[in-house]
Structures are given as C-alpha cells and as structure tokens.
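Worksheet: one structure, shown below.
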Amino acid sequence: MSRAAPTALGRDLVTFFEDFLPAQRGLSPHTIRSYRDALVLFLRFTARELRRTVDRLDVPDLTVDRVTRFLAALEADRCNGIATRNARLGAIHVFARYLAGQRPEYLGVLQRIIGMPFKRGAIEVPIEYLDRTELDALLKSIDRSTDLGRRDYALFAFMFNTGARVQEVLDVRVADVRLEAPPQVRLLGKGRKERVCPLWPATAKLLRDLIAKRRGVGGDENSPLVFTNARGLALTRYGVRYLLRRYVQRASRVAPSLMSKKLHPHSIRHSTAVALLKSGVDFATISQWLGHAGLNTTMRYARADLDLKRRALAQVFPDAVTPPPGGRLLIDGSDLVGWLRRI
C-alpha cells in the first residue's frame with residue numbers, strides 16, 4: 001500500500017516550526033514549545049470532531065467555529081483559565097497569519113481566525129508556593145537510598161536553590177555547572193537570555209554526586225544533561241510534574257496543608273521568590289535571580305505572602321496586630337447601630 005502524500009497543512013506545519021519560528025522570527029525554544037503544545041491540542045480536537053487522524057487534516061478544516069468550540073472546550077473540559085485560553089488563541093493567531101501568506105486562496109477564512117478577539121476578564125491567579133515546613137516535608141519524603149531517589153532530591157533542591165523554570169532546569173548540562181568555589185550554574189531563560197545563579201554548598205555537593213554518575217549519558221558526550229530519566233534520556237516537564245505530585249502526596253501526611261494547594265513545578269519557583277523576599281533580599285536582586293523581564297513581575301510576590309503583609313501592617317500601625325486590652329466593652333445602647341458600623 002502506498003503511503004498517502006502529506007497535506008498542505010502538514011507541509012506548512014513543518015516549515016512553520018522548522019524555519020519560520022526559529023529562523024525568521026528568532027523565537028526561543030521555550031516559546032516554540034508553547035506554540036507546539038497549543039497547536040497539538042487544537043489539531044487533536046479538530047481530528048476528534050471530524051473523526052479523522054491528525055495527519056489527514058488540511059487547511060479548510062481550520063474554521064472560526066471550530067476554533068471557538070476548541071477554546072470553549074479548554075475552559076470546560078481542561079479547566080483552563082482565561083489567561084491560558086488566550087495564550088492558546090495567540091498561538092493559533094500566529095499560525096493563521098503564517099498560513100495566510102502561504103495559502104492566499106484561504107485568506108478569507110484565515111482572516112476571520114486572526115480577527116478573533118481575546119477574552120476579557122482574566123484575573124490574577126493566587127500564587128501557590130511551599131513554606132519552609134512544607135518544603136522540608138517534601139524533601140524528607142524522598143527515599144535517598146536509591147539512585148532515582150537521589151536524583152529526585154537533587155532535582156527539587158536545585159529547583160528551590162535557583163528558582164529556575166522547569167525547562168531551564170531540564171536543559172542544564174554538565175558544562176553549565178561550576179562546582180568549584182564559588183559554585184554556580186548558567187541558565188538559559190526566556191528570550192535566549194543567559195543568567196548565572198549561585199549554588200549553595202549543599203546543592204553543589206548533591207550535583208557533584210549526581211554528575212559523577214551522569215557522565216556519558218543524556219546527549220552530547222562532552223556535555224551530558226544533568227537530570228535524566230531512568231533510561232538515561234532527557235527528563236520531561238511532565239515527568240517532573242508526576243514526581244512532584246507523588247512526593248506531595250507522601251509529604252501531606254506530615255504537612256496536611258499541602259493537600260489544599262494546587263501545586264505544580266512552577267510552584268517551587270514561587271517558593272524561592274517568597275523565601276528570598278522573606279530573607280530581606282531586595283526586589284532587584286530577586287528579579288535578576290529569577291530572570292524576570294521587569295520588577296513588576298517580581299513585586300507580585302510581595303502581595304502573595306501573608307506574613308509580609310502582617311510585617312508591613314505592624315510597621316505602619318503597630319497597634320493593629322496587637323491583642324485588644326482586657327476588660328468588658330461598655331456601651332449605653334443609644335447608638336448601637338453606629339457602633340456596629342465602626343467595628
């Protein structure tokens with residue numbers, strides 16, 4: 001049986017990801033992966049609706065109504081927030097603009113997709129992070145008597161030390177790590193921006209032991225990946241999420257507060273930021289430490305931690321957080337409603 005020829009959509013997808021995004025637009029691998037995830041979800045949704053395999057889809061199958069149903073499914077079925085929904089739509093917009101230049105015969109339909117507005121009403125999601133007790137419980141729940149357990153312990157300790165994004169962590173190679181004093185690691189962040197992050201001595205020791213067993217596996221022989229899976233291949237973001245969920249479930253027996261939190265690998269990055277802020281590190285240093293584009297991103301952590309708010313309140317109004325004086329409260333009843341309103 002002869003293999004079916006690729007569709008126009010299939011050919012354009014290949015050039016979109018192999019040439020247009022990296023070469024013409026100069027986007028970072030992290031952004032390209034984000035676009036890939038969005039389009040994979042959309043193509044799978046379209047294939048299910050048409051009862052067809054993804055490789056048989058073509059440009060005419062991409063319609064405004066289908067994109068609308070896909071966005072609704074993201075919110076209803078996958079429980080995505082408005083911000084995530086808009087990010088997926090943004091990726092579809094970029095792809096539709098590229099298709100419009102390649103397939104002018106479909107320009108009318110593609111223009112309607114490009115013109116689809118973003119949804120308003122996105123709210124800032126509360127930042128979920130681990131406090132010191134919860135983080136200790138998480139690390140202690142890892143069995144360090146096995147090679148995989150030692151890898152997992154080093155992984156989460158490294159993530160908390162650096163506050164790096166999970167993909168930044170997974171991309172770290174042996175050549176990026178300096179274990180001699182002062183220990184540090186080079187991270188490649190958003191927009192291909194490099195930054196150097198200091199390593200605590202305890203973290204450096206964990207990496208030294210791990211790297212000693214990682215040499216020669218996980219990619220380039222001269223610079224293997226630091227964190228790999230059981231088969232010596234690159235560890236994925238989904239693998240890290242699975243590991244975090246497993247250890248959170250174990251740690252929740254010691255720290256029950258973990259059960260009420262919706263934690264994901266990025267939560268450890270949030271934990272680093274809050275810990276640095278509580279330690280008195282200034283916003284500019286934290287911004288550089290985490291690789292933020294600006295201070296506004298960093299300052300949201302000041303709004304996330306209740307202890308920081310209490311400290312600020314105590315500095316401005318010292319009596320506001322002190323217990324009320326003892327004794328009975330006496331009112332004559334003449335202005336009870338007014339007194340209640342003043343409480």
Side-chain angles (χ1 to χ4, degrees), residues 10 13-14 16-19 21-22 27-41 43-44 53-55 91 138-139 141-179 183-190 192 194-195 197 199 203-250 263-269 291:
L13 269 171
V14 171
F16 178 71
F17 282 105
E18 291 188 350
D19 178 63
L21 293 181
L27 299 183
S28 70
H30 304 296
T31 304
I32 293 175
R33 291 190 191 102
S34 176
Y35 284 5
R36 175 203 62 191
D37 294 343
L39 292 179
V40 164
L41 289 173
L43 292 176
R44 286 177 176 172
T53 58
V54 172
D55 61 298
L138 174 71
L139 293 175
S141 70
I142 302 175
D143 181 10
R144 301 172 64 183
S145 64
T146 66
D147 288 341
L148 290 179
R150 286 188 286 271
R151 177 209 63 186
D152 296 344
Y153 190 93
L155 170 67
F156 290 116
F158 179 81
M159 290 176 66
F160 180 69
N161 182 161
T162 61
R165 302 173 181 90
V166 63
Q167 193 60 53
E168 294 173 355
V169 172
L170 299 180
D171 289 341
V172 170
R173 296 183 177 272
V174 172
D176 299 322
V177 182
R178 172 180 169 173
L179 298 177
Q184 59 190 35
V185 61
R186 183 175 66 249
L187 300 170
L188 181 63
K190 288 184 176 180
R192 302 180 185 273
E194 286 191 2
R195 69 184 187 279
C197 183
L199 295 176
T203 308
K205 184 180 184 304
L206 292 171
L207 293 182
R208 185 178 293 108
D209 297 338
L210 186 64
I211 288 174
K213 298 182 179 181
R214 286 287 177 266
R215 294 193 180 279
V217 294
D220 185 355
E221 292 182 356
N222 297 323
S223 186
L225 293 169
V226 174
F227 299 105
T228 60
N229 60 21
R231 299 187 301 277
L233 303 176
L235 195 63
T236 66
R237 291 175 296 159
Y238 305 103
V240 177
R241 177 176 294 185
Y242 167 78
L243 292 173
L244 180 63
R245 287 178 177 174
R246 185 173 70 178
Y247 292 126
V248 164
Q249 186 174 12
R250 291 182 188 177
L263 298 171
H264 44 80
H266 209 73
S267 301
I268 299 182
R269 177 174 167 85

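Below, each value reflects all heavy atoms present in this structure, side chains not excepted, and no hydrogens, waters or symmetry copies.
A salt bridge between Arg151 and Asp147 is absent, with no side-chain N of the basic residue lying under 4.0 Å from a carboxylate O of the acidic one.
Interatomic distance, Met159 CE to Thr162 OG1, rounded to the nearest 0.5 Å: 7.5 Å. The CD atom of Glu168 lies 4.0 Å from the CZ atom of Arg195; values are rounded to the nearest 0.5 Å. Atoms CG and NZ, on Leu179 and Lys205 in that order, are 11.5 Å from each other to the nearest 0.5 Å. Rounding to the nearest 0.5 Å gives a distance of 13.0 Å between CZ of Arg33 and CG of Leu21. Rounding to the nearest 0.5 angstrom, the gap separating the CG atom in Asp152 from the CG atom in Leu244 is 10.5 Å. For the atom pair CZ (Phe158) and CG (Leu206), the distance works out to 11.0 Å, reported to the nearest 0.5 Å.
Using modelled atom types, no side-chain atom of Arg144 and backbone atom of Arg150 make a donor-acceptor pair closer than 3.5 Å. Listed for the Arg178 side chain is no donor-acceptor partner under 3.5 Å among the backbone atoms of Pro183.
Ring geometry for Tyr35 versus Phe16: interplanar angle under 30°, hence parallel rather than tilted (30 to 60°).
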Full working for side chain to side chain contact (heavy atoms under 4.5 Å, CB included) between Asn161 and Val185: CA-CA 11 Å; Asn161 182 161; Val185 61; over 6 Å; no
Residue pair Leu139, Phe160: steps toward the side chain to side chain contact (heavy atoms under 4.5 Å, CB included) verdict: CA-CA 11 Å; Leu139 293 175; Phe160 180 69; over 6 Å; no
Side chain to side chain contact (heavy atoms under 4.5 Å, CB included) evaluation trace for Asn229 with Leu148: CA-CA 8 Å; Asn229 60 21; Leu148 290 179; over 6 Å; no
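Using a 4.5 Å cut-off on side-chain heavy atoms (C-beta onward), Asp171 and Leu188 make no contact. Looking at Tyr247 and Asp143, their side chains never come closer than 4.5 Å, going by heavy atoms from C-beta outward. The shortest side-chain heavy-atom distance between Asp19 and Val14 does not fall under the 4.5 Å cut-off. The side-chain heavy atoms of His266 and Arg165, taken from C-beta on, include a pair separated by under 4.5 Å. Contact annotation: the side chain of Val177 approaches that of Leu199 to within less than 4.5 Å [non-hydrogen atoms, C-beta and beyond].
In the displayed structure, Arg44 atom CZ is contacted under 6.0 Å by at most 12 heavy atoms of other residues, nucleotides or ligands. Within a 6.0 Å sphere centred on CZ of Arg245, heavy atoms belonging to other residues, nucleotides or ligands number 12 at most.
Applying the ring-ring contact (aromatic ring centres under 6.0 Å, His included) test to Tyr153 and every residue at least two apart in sequence or in another chain returns nothing. Every residue meeting the side chain to side chain contact (heavy atoms under 4.5 Å, CB included) condition with Arg186, not counting sequence neighbours, appears here in chain and number order: Asp176, Glu194.
Across all their heavy atoms, Ala164 and Val169 have their closest contact at CB-CG2, 3.6 Å. Closest of all the heavy-atom pairs between Thr203 and Ala157 is OG1-O, 4.4 Å. Between Leu155 and Leu235 the shortest heavy-atom distance is CD2-CD2, 4.0 Å. Looking at every heavy atom in both residues, Cys197 comes nearest to Leu187 through CB-CD1, 4.3 Å.
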For a quick test of your reading: what N or O donor-acceptor pairs under 3.5 Å do the side chains of residues 236-243 make, sequence neighbours left out?
unit_1: Thr236; atom_1: OG1; unit_2: Gly239; atom_2: N; d: 3.0
unit_1: Arg237; atom_1: NH2; unit_2: Asp37; atom_2: OD2; d: 3.1

